[in-house]
Q: 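Have a look at the structure that comes next, please.
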Amino acid sequence: MKPLERPANRNYSSGPCRKRPGYDVSKLDLATLGRSHRSGPGKSVLARVCSETAQVLGLPPGYRVGVVPASDTGAVEMALWSLLGPRPVDVFAWESFGQGWLVDITRQLRLDDVRTFTAEYGALPDLALADPAHDTVFTWNGTTSGVKVPNGDWISDDRTGLTICDATSAVFAMELPWDKLDVITYSWQKVLGGEGAHGMLILGPRAVERLESYTPPWPLPKIFRMTKNGKLIEGIFQGETINTPSMLCVADYLDALAWVRKIGGVAETIRRSQRNLAVLEEFVEAHDWIRFLAGEPAQRSNTSVCLTVDLPDDRAKAMAGLLDREGVAYDIGAYRDAPAGLRIWCGATVEEDDLRKLMPWLEWAYGQAKEA
Ligand SMILES: Cc1ncc(COP(=O)(O)O)c(C=O)c1O
């Protein structure tokens, strides 16, 4: 039987993700719109983005936060192009985005001293193989496979190499061991439901030391350059962006950060996301036709939750299409390169009650797709 109740909010995309509960675009503080980002007020809100991010996330002293061009991809590539080269590199990849960084490192930067550790969709490579004397590049949460790194125990406190972590769908939703991460990147449109286009680049002291002691042999475009005369351009990490950001997106991000603070900080955004995952766990437990793509429970993402269903690929796709047409859940088909199935965003902006209302619809859509 077709369920009677629909979720109040039908947005379950894994990026851009749902806006926060209570979001109202007309309530944004738009005082800087139409002003230069280099004006006093412009610079001041951009500086707030850096300092409030560090404070809300609880970053250790000495960690710098910068707003950079080109979303998370821009932030990751800025790090790879600026930092890699002097040491061997260990790359861990288990889904589409991690594979992309591997391509950057081996085919674009053409580094040859690279060890590659990969796994199929649903699994993690053996992270314990990371050599602490090498630079390590990995994704914290594989958004397209729903497999996350369960903890940072495998990262040595005595490492001499850098850890470069694409954490775009993890920051604000998962506990991150900041001291073990030398470079962390994310973008605003994931867990916070912010707007796309801006990358966040967090540098630990060891990454800064590398930047100031090493010059890559390849050319660096202006939007990747973080040093001048061998010194870090500190301004980038104090709101003096390399080029022009959207002040509208900046206002939107500060609104999202204020929401995080209001509901109880990152501990609460993590809890919200975990409670959302628990709704899906309960449902999967009770139905034998649906499974997590992630093989290990500890590696299950609590943001981009990927599920496989006991249907041929075209029927699984039809299931997602049906839920979209019914106005129940938008954008929940698996990522194009991933095994067919569903991907349901469970980040902090998603309400648990909406997910509960979605569950009977999954059962209904499965029945429809099976019979079709
Ligand atoms: C793990 C991961 N890395 C990188 C990206 C690319 O992010 P952006 O579009 O912010 O550059 C995404 C986007 O979904 C992602 O999930």
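Counting convention: from 1, in listed order, for ligands and their atoms alike. Excluded from the calculations below are hydrogen atoms, water molecules and symmetry mates; all remaining heavy atoms, backbone and side chain alike, are included. This chain uses plain numbering: 1 for the first residue, then up along the sequence. What you see is a predicted model, and the numbers here were worked out from it, not measured in a lab.
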Q: Can you sort out which atoms of ligand 1 are near S187, meaning under 4.0 Å from one of its heavy atoms?
A: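 Taking each heavy atom of S187 in turn, ligand 1 has 10 (O) under 4.0 Å.
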Q: Say whether T168, considering both its backbone and side-chain N or O atoms, lies within less than 3.5 Å of an N or O atom on ligand 1.
A: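 Between T168 and ligand 1, no N or O pair is found under 3.5 Å apart.
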Q: Just by modelled atom types, is the V305 backbone N or O under 3.5 Å from a matching donor or acceptor in the R300 side chain?
A: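 Flag not set: sc R300 to bb V305 has no pair under 3.5 Å.
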Q: Just by distance, do the side chain of R64 and the backbone of E234 share a donor-acceptor pair under 3.5 Å?
A: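 Not confirmed, R64 side chain does not pair with E234 backbone.
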Q: Hey, which atoms in ligand 1 end up nearer than 4.0 Å to a heavy atom of K190?
A: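 Selected atoms, number and element: 13 (C), 14 (O), 16 (O).
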Q: For D252 and W188, which I'm curious about, is there any donor-acceptor pair between the side chains at under 3.5 Å?
A: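 No, W188 and D252 have no side-chain donor paired with an acceptor closer than 3.5 Å.
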Q: Show which atoms of ligand 1 fall inside a sub-4.0 Å distance from at least one heavy-atom site of T143.
A: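 Those atoms are 1 (C), 2 (C), 15 (C), 16 (O).
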Q: Identify the closest protein heavy atom to atom 7 (O) of ligand 1: which residue and atom is it, and at what distance?
A: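 The answer is D72 CB, 3.6 Å.
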Q: In this structure, does ligand 1 have an atom that sits under 4.0 Å from one of the heavy atoms of E95?
A: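 The answer is no: ligand 1 sits nowhere under 4.0 Å from a heavy atom of E95.
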Q: Check this for me, if you would: do E282 and R356 make a salt bridge, where the nitrogen-to-carboxylate-oxygen distance has to be below 4.0 angstrom?
A: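 Yes, charged N to carboxylate O under 4.0 Å.
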Q: Indicate yes or no: does an N/O atom of T73 lie under 3.5 Å from an N/O atom of ligand 1?
A: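 Yes: some nitrogen or oxygen of T73 is under 3.5 Å from one in ligand 1.
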Q: Report yes if some N/O of T139 lies less than 3.5 Å from some N/O of ligand 1; otherwise report no.
A: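 No, no N or O pair falls under 3.5 Å.
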Q: Can you find an N or O of S71 that's nearer than 3.5 Å to an N or O of ligand 1?
A: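 Between S71 and ligand 1 (N or O atoms, distance only) the closest approach is under 3.5 Å.
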Q: So, regarding D166 and ligand 1 (criterion: nitrogen or oxygen to nitrogen or oxygen, under 3.5 Å), is there a contact or not?
A: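 In this structure, D166 places an N or O atom under 3.5 Å from an N or O of ligand 1.
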Q: Start with the C-alpha gap between E77 and D104, add the side-chain angles, then the distance that decides, and say whether side chain to side chain contact (heavy atoms under 4.5 Å, CB included) holds.
A: CA-CA 8 Å; E77 293 190 333; D104 273 353; 2.6 Å; yes
Q: Could you tell me if N302 and K148 have a donor-acceptor pair between their side chains, going purely by distance under 3.5 Å?
A: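 Note: K148 and N302 side chains meet the donor-acceptor criterion.
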Q: Considering the heavy atoms of N141, write down every atom of ligand 1 situated less than 4.0 Å from one of them.
A: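 Answer, ordered by atom number: 1 (C).
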Q: Classify the side-chain pair S96/T144 by whether it contains a donor and acceptor separated by less than 3.5 Å.
A: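 Per modelled atom types, S96 and T144 side chains form no pair under 3.5 Å.
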Q: Are T136 and R159 close enough that a side-chain donor and a side-chain acceptor fall under 3.5 Å?
A: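 No, because no side-chain N or O of T136 sits under 3.5 Å from a partner of the opposite role on R159.
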